[in-house]
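To start, the structure itself, in C-alpha cells.
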There are 2 protein chains.
Amino acid sequence: MKKKLPRKTVERLSEYRRTLINYLDSGRDYIFSHELADMHNNTAVQVRRDIMLIGYSGVQRRGYKVKELIRAIGKVLDDPRGQNVAIVGVGHLGTAILHYLKGKRPALHLKALFDIDKEKTGREINGIPCYPVEELAARVREHKIGIAILTVPMEVARETTALLVEAGVRGLMNFTTVPLDVPEDVFLEEYDLITSLEKVAYFVRI
Amino acid sequence: MKKKLPRKTVERLSEYRRTLINYLDSGRDYIFSHELADMHNNTAVQVRRDIMLIGYSGVQRRGYKVKELIRAIGKVLDDPRGQNVAIVGVGHLGTAILHYLKGKRPALHLKALFDIDKEKTGREINGIPCYPVEELAARVREHKIGIAILTVPMEVARETTALLVEAGVRGLMNFTTVPLDVPEDVFLEEYDLITSLEKVAYFVRI
DNA sequence: AGGGTTTTGTTTAATAATTAACAATTAAAT
DNA sequence: ATTTAATTGTTAATTATTAAACAAAACCCT
C-alpha cells in the first residue's frame with residue numbers, strides 16, 4: 001500500500017463513509033465539508049484535510065460528489081480482494097457483533113465462528129459456519145483468516161490469542177478484559193468496555 | 001475536580017487498575033513500571049509518567065505498592081459518591097454489556113435498563129430493573145442517571161439521545177452506527193464496531 | 001563504608017494530531 | 001463583465017501525546 005494514513009484519519013474516513021452511504025438516500029449528489037463535519041461533531045477543516053490525505057478532490061462551491069467520495073474512501077480502506085474475518089467466542093457479545101456485521105461491509109468477509117459449546121458448533125449461525133475451537137488453527141488456515149474478533153471468556157483469552165497468531169492472524173480486536181501479548185507485526189486493537197465507560201465517567205465529572 | 005488528565009492517560013489508568021487488581025492474586029506487594037508496561041504493550045516511561053500525573057509515588061528500587069496504586073487510581077477515576085448508569089436497549093449487545101459490567105466497577109452503579117419489548121420490561125434482568133422506554137425521562141431523573149449506554153436500533157438512536165440529554169444525562173456511549181448530536185457539555189464516546197474493524201483491516205494491510 | 005546497579009521522577013525533545021490562516025477557484029448576482 | 005460570496009486545498013501554527021534523557025534515591029555487594 002501507499003503511505004500510511006494517520007490512525008485517527010482512518011477512523012474518521014470509516015465514519016464518513018457510513019454517513020455518506022446513508023446520505024445517498026437524501027437525493028443530493030454533493031455534500032459540503034461543513035455538512036459532513038456537523039454530522040460528526042468535528043470541523044470542516046478536519047474533514048477537508050482528511051479527504052485531501054486520500055487524494056480526492058471536490059469541486060469548489062459545490063462540495064464533494066457523494067458517490068465518488070464513497071468510492072475514494074473505499075479505495076483506501078478496502079482490500080480489493082477482501083479480507084477474511086472470524087469471531088472467536090459466540091456468547092452475547094459475539095452474537096451481537098455477528099448481527100452487527102451482517103452484510104455491512106462487503107470488503108470484510110465474515111468466514112467463521114468458533115465456540116466450545118457443542119450446541120453451537122457444527123452448524124451455521126446466521127449463515128456463517130461455527131466450528132469447535134479444536135479446529136481453530138486448521139480452519140483459520142483453510143479460510144485464510146487475517147483478522148479475528150476475540151470475544152471469549154477471559155480465562156482462555158491468552159491461549160486463544162496464541163493459537164490465532166500462530167495460525168497466521170495479523171489483526172486482532174480484543175473484547176476481553178485481559179491484556180494480550182502479540183508479536184510486533186500483529187495489529188492489536190483493545191476494545192475494553194469498562195475502560196471506555198470509566199473514561200466517560202471521568203470526563204463527565206471534570 | 002483538579003486539573004484534567006489527558007484522555008489517553010485516563011484510558012491507560014483504567015487498564016492499569018484492572019491489571020493491578022488481578023495482580024493482587026500473585027501475592028507480590030510491589031510492581032515495577034516495566035512490568036506493568038509489558039502487560040500493556042507500552043513502555044515503562046509511559047507508565048511512570050501516567051502515575052506521576054496522578055501524584056502517586058512509588059519507592060525506588062522496589063516499584064509501586066500495588067494496593068496503594070489501585071487506591072490512587074481510584075481516587076482519580078472514581079466519584080466517591082458513585083455515578084449512575086443506564087443501558088438503553090437490551091438486545092444482544094445490551095445484554096452482553098450488562099453481564100460484562102456486573103459487579104466489575106463498584107463506583108459505577110448500573111441502575112436501570114430500558115427496552116420497548118414488553119417481554120423484557122416490568123421486571124429485573126440480572127438484578128437490574130428494566131423499564132419501558134416511555135418511562136425513560138422519569139426514570140432517568142428518579143435514579144439520577146448521569147451516564148447512558150446506547151444500544152438501541154439505529155432508527156431510534158437520535159430521538160432516544162434527545163430524550164436522554166433532555167432528562168439530564170451528561171455522558172453517552174454510542175454503540176449505534178448513527179452519528180449523534182449532543183450539546184457541548186455532554187461527553188460523547190463513539191464506539192463503532194465497524195470503524196474499529198476497518199481500522200484493524202487497514203493497518204493489517206499497510 | 002563505598003562503588004556499582006536498578007529504578008523512580010521529571011525535564012526536555014520528538015512526533016502526531018488538530019486548528020488556524022489564507023490563497024485559489026468558481027458560482028451567483030448585478 | 002465585474003464583483004461578491006462561498007468553498008476547497010494546502011501550508012503554517014498550535015496543542016496533545018509519546019519517547020528520550022538523565023539526575024536522584026535506594027538497594028546490594030564486597
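Letters go in sequence order (proteins before strands), and every chain restarts at 1.
Atom CD1 in B:I51 sits roughly 8 Å away from atom P in C:dT8 (whole-Å rounding). The NZ atom of A:K65 sits 18 Å away from the P atom of D:dT7 (whole-angstrom rounding). Between the CG atom of B:L69 and the P atom of C:dT8 there is a distance of 11 Å, given to the nearest Å. Protein atom CZ of B:R7 is 13 Å distant from nucleotide atom C1' of C:dA17, rounded to whole Å. D:dT18 atom P lies 13 Å from atom CG of B:L5, rounded to whole Å. We find that CG of A:L53 is positioned 11 Å from P of C:dA17, with the value rounded to whole Å. B:D50 places its CG atom 13 Å from the P atom of C:dT8, with the value rounded to the nearest Å. As rounded to whole Å, 11 Å separates atom C1' of C:dT7 from atom CD of B:E35.
Here B:E68 does not pair with B:R71 in a salt bridge; the nearest charged N to carboxylate O distance is not below 4.0 Å.
In this structure, A:R49 does not reach the C:dA16 phosphate: none of its side-chain N or O atoms is under 4.0 Å from OP1 or OP2. B:S33 has no side-chain polar atom (N or O) that falls below the 4.0 Å cut-off from OP1 or OP2 of C:dT7. In terms of phosphate contacts, A:S57 brings a side-chain nitrogen or oxygen within less than 4.0 Å of OP1 or OP2 of D:dG9. Contact between the side-chain N/O atoms of B:Y64 and the OP1/OP2 oxygens of C:dG9 is found at a separation under 4.0 Å. Residue A:R48 has no polar side-chain atom (N or O) positioned under 4.0 Å from OP1 or OP2 of D:dG9. B:R12 has a side-chain polar atom (N or O) that falls below the 4.0 Å cut-off from OP1 or OP2 of D:dT18.
In this structure, A:T151 and A:G89 approach most closely via the heavy-atom pair OG1-O, 2.6 Å. A:S196 and B:E189 get closest at one heavy-atom pair: OG-OE2, 4.2 Å. When all heavy atoms are compared, the tightest approach of A:L136 to A:F114 is CA-CE2, 3.6 Å.
Checked against D:dA21, D:dT10, D:dT8, the side chain of A:F32 finds its nearest nucleotide in D:dT8. Of the candidates C:dT10, D:dG9, D:dA19, the closest approach to any side-chain atom of B:M52 belongs to C:dT10. Looking at the side chain of B:V45, the nearest of the listed nucleotides D:dA20, D:dA26, D:dT11 is D:dA20. The listed nucleotides are D:dT18, C:dT8, C:dT5; the one nearest the side chain of B:R61 is C:dT5.
When heavy atoms are screened at a 4.0 angstrom cut-off, A:T9 is found touching no nucleic acid atom at all.
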Assess whether salt bridge (charged side-chain N to carboxylate O under 4.0 Å, His left out) is satisfied between A:E15 and A:R12, documenting all intermediate values.
CA-CA 5 Å; A:E15 288 164 8; A:R12 284 190 299 263; over 6 Å; no

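Evaluation of atom-type donor-acceptor distances gives a pair under 3.5 Å for the side chain of B:Q60 against the base of C:dT8.
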